[in-house]
Amino acid sequence: MTMEGALARVIRSAADRAPAAGFETCELCAAQVADEHRHLYDTTDEEVRCVCRPCSVLFADDAAGRYRLVPRRRLRLPPVDTAVLGVPVGLVFFVPRTDGTVTAQGPSPAGAMRWEVDAAAWRRLAGTCPPLASVAPEVEALLVNTVRGMDEHWIVPVDDCFRMVALVRREWRGLSGGGRVWPAVERFFAELTERP
């Protein structure tokens with residue numbers, strides 16, 4: 001029996017036991033999670049999973065495997081010239097991968113759109129902005145918003161990026177986004193706070 005197989009069975013079993021109540025549960029053990037809780041990034045399914053505090057401790061050592069604990073660090077950066085990465089949108093996040101590749105993802109009414117970024121261009125950009133070299137693969141991202149006069153550049157956990165994608169998808173109306181999406185995006189960035 002492999003650890004991956006045993007863990008997968010625990011997760012499936014927890015999902016079967018998850019109560020139908022209106023609160024969130026840990027996706028590993030089905031315990032109720034607090035409003036402020038940690039997340040695991042599932043590298044196989046490329047999804048974020050909610051976990052309770054005891055389960056999050058199991059992944060605190062950041063060992064390689066299917067599940068990686070999403071860090072909590074948020075770091076505001078000075079403006080970064082992301083044009084060198086060749087992504088033609090102003091609301092986007094860049095995620096370096098453990099294999100050295102980098103993906104760019106931008107929110108849309110249908111979810112996240114994805115592009116591959118030239119890894120050499122990413123390394124050159126990281127050379128001009130040293131904090132980018134410390135971005136944890138898979139679980140942290142460079143989040144950029146240069147839409148409508150904004151100039152926001154952050155290193156954030158990927159769960160923040162997925163929250164932003166969900167917000168855009170929820171608030172988008174019509175072809176151009178409507179009157180709700182851009183104020184919601186501005187609020188999202190205004191509420192980001194730095195944390196170690």
Side-chain angles (χ1 to χ4, degrees), residues 1-77 93-105 107 111-112 114 122 126 129-144 152-167 169-170 187-196:
M1 173 183 348
T2 67
M3 184 61 166
E4 286 287 323
L7 189 54
R9 282 193 299 283
V10 169
I11 292 170
R12 282 192 303 274
S13 172
D16 293 342
R17 292 190 317 263
F23 54 82
E24 286 188 275
T25 58
C26 175
E27 294 185 54
L28 294 183
C29 73
Q32 184 174 350
V33 295
D35 288 341
E36 284 285 319
H37 58 271
R38 300 296 300 268
H39 293 107
L40 290 179
Y41 181 72
D42 182 335
T43 60
T44 301
D45 294 337
E46 297 184 353
E47 293 180 352
V48 172
R49 303 194 182 282
C50 298
V51 290
C52 63
R53 174 133 175 56
C55 286
S56 72
V57 172
L58 297 172
F59 299 92
D61 68 359
D62 201 30
R66 177 176 178 169
Y67 300 100
R68 302 212 32 224
L69 186 62
V70 175
R72 299 182 43 77
R73 171 176 80 144
R74 285 190 193 132
L75 178 63
R76 186 178 193 131
L77 300 174
F93 59 97
F94 300 91
V95 182
R97 304 293 178 182
T98 53
D99 65 1
T101 63
V102 179
T103 59
Q105 298 180 52
R114 180 181 287 202
W122 173 263
C129 181
L132 292 180
S134 71
V135 173
E138 314 283 349
V139 292
E140 285 187 313
L142 168 62
L143 176 61
V144 176
E152 299 277 348
H153 300 81
W154 290 80
I155 293 175
V156 297
V158 292
D159 52 1
D160 280 347
C161 299
F162 293 134
R163 277 189 317 111
M164 194 248 323
V165 169
L167 176 142
R169 190 170 187 187
R170 182 181 66 238
R187 276 192 307 280
F188 175 88
F189 279 90
E191 293 169 3
L192 284 180
T193 55
E194 285 195 284
R195 61 187 184 205

Task: Inter-residue atom distance Glu27.CD - Asp42.CG, 0.5 Å rounding - done: 9.5 Å
Task: Separation between CG of Leu28 and OH of Tyr67, rounded to the nearest 0.5 Å - done: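 If we round to the nearest 0.5 Å, Leu28:CG and Tyr67:OH are 7.0 Å apart.
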Results of side-chain contact (heavy atoms from CB on, under 4.5 Å) for [X] - residues two or more places apart only:
{"X": "Leu77", "value": "Leu75, Val80, Cys129, Pro131, Leu132, Leu142, His153, Ile155"}
{"X": "Gln32", "value": "Phe23"}
{"X": "Pro107", "value": "Leu91, Met164, Val165, Val168"}

Between [X] and [Y], what is the shortest heavy-atom contact and its length?
{"X": "Asp35", "Y": "His37", "result": "O-ND1, 3.4 Å"}
{"X": "Val135", "Y": "Ala141", "result": "CG1-N, 4.0 Å"}
{"X": "Ala126", "Y": "Ala133", "result": "CB-N, 4.0 Å"}

Not counting sequence neighbours, which residues clear salt bridge (Lys or Arg N to Asp or Glu O under 4.0 Å) with [X]? List them please.
{"X": "Arg195", "result": "none"}
{"X": "Asp160", "result": "Arg74, Arg163"}
{"X": "Arg97", "result": "Glu138"}
{"X": "Arg169", "result": "none"}

Quick one: list whatever passes side chain to side chain donor-acceptor pair (under 3.5 Å) with [X], sequence neighbours left out.
{"X": "Gln105", "answer": "none"}
{"X": "Arg114", "answer": "Glu46"}
{"X": "Asp99", "answer": "Thr101"}
{"X": "Arg73", "answer": "Ser134, Glu140"}

Can you find a pair of side-chain heavy atoms, one from [X] and one from [Y], that are under 4.5 Å apart?
{"X": "Leu69", "Y": "Leu40", "answer": "yes"}
{"X": "Tyr41", "Y": "Phe162", "answer": "yes"}
{"X": "Phe188", "Y": "Leu143", "answer": "yes"}

Task: Donor-acceptor under 3.5 Å (Glu194 side chain, Arg76 main chain) - done: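 The answer is yes, because a donor-acceptor pair under 3.5 Å joins these two groups.
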Open item on the list: Keeping Thr43 on the side-chain end and Arg66 on the backbone end, is there a donor-acceptor pair under 3.5 Å?
Closed with: yes
- [ ] Would you please classify the geometry between the Phe94 ring and the Trp122 ring as parallel, tilted or perpendicular, with 30° and 60° separating the classes?
- [x]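 Aromatic pair Trp122/Phe94 classed tilted.
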TODO: Run the salt-bridge test on Asp159 and Arg38 with the 4.0 Å N-O cut-off and return the result as yes or no.
DONE: no
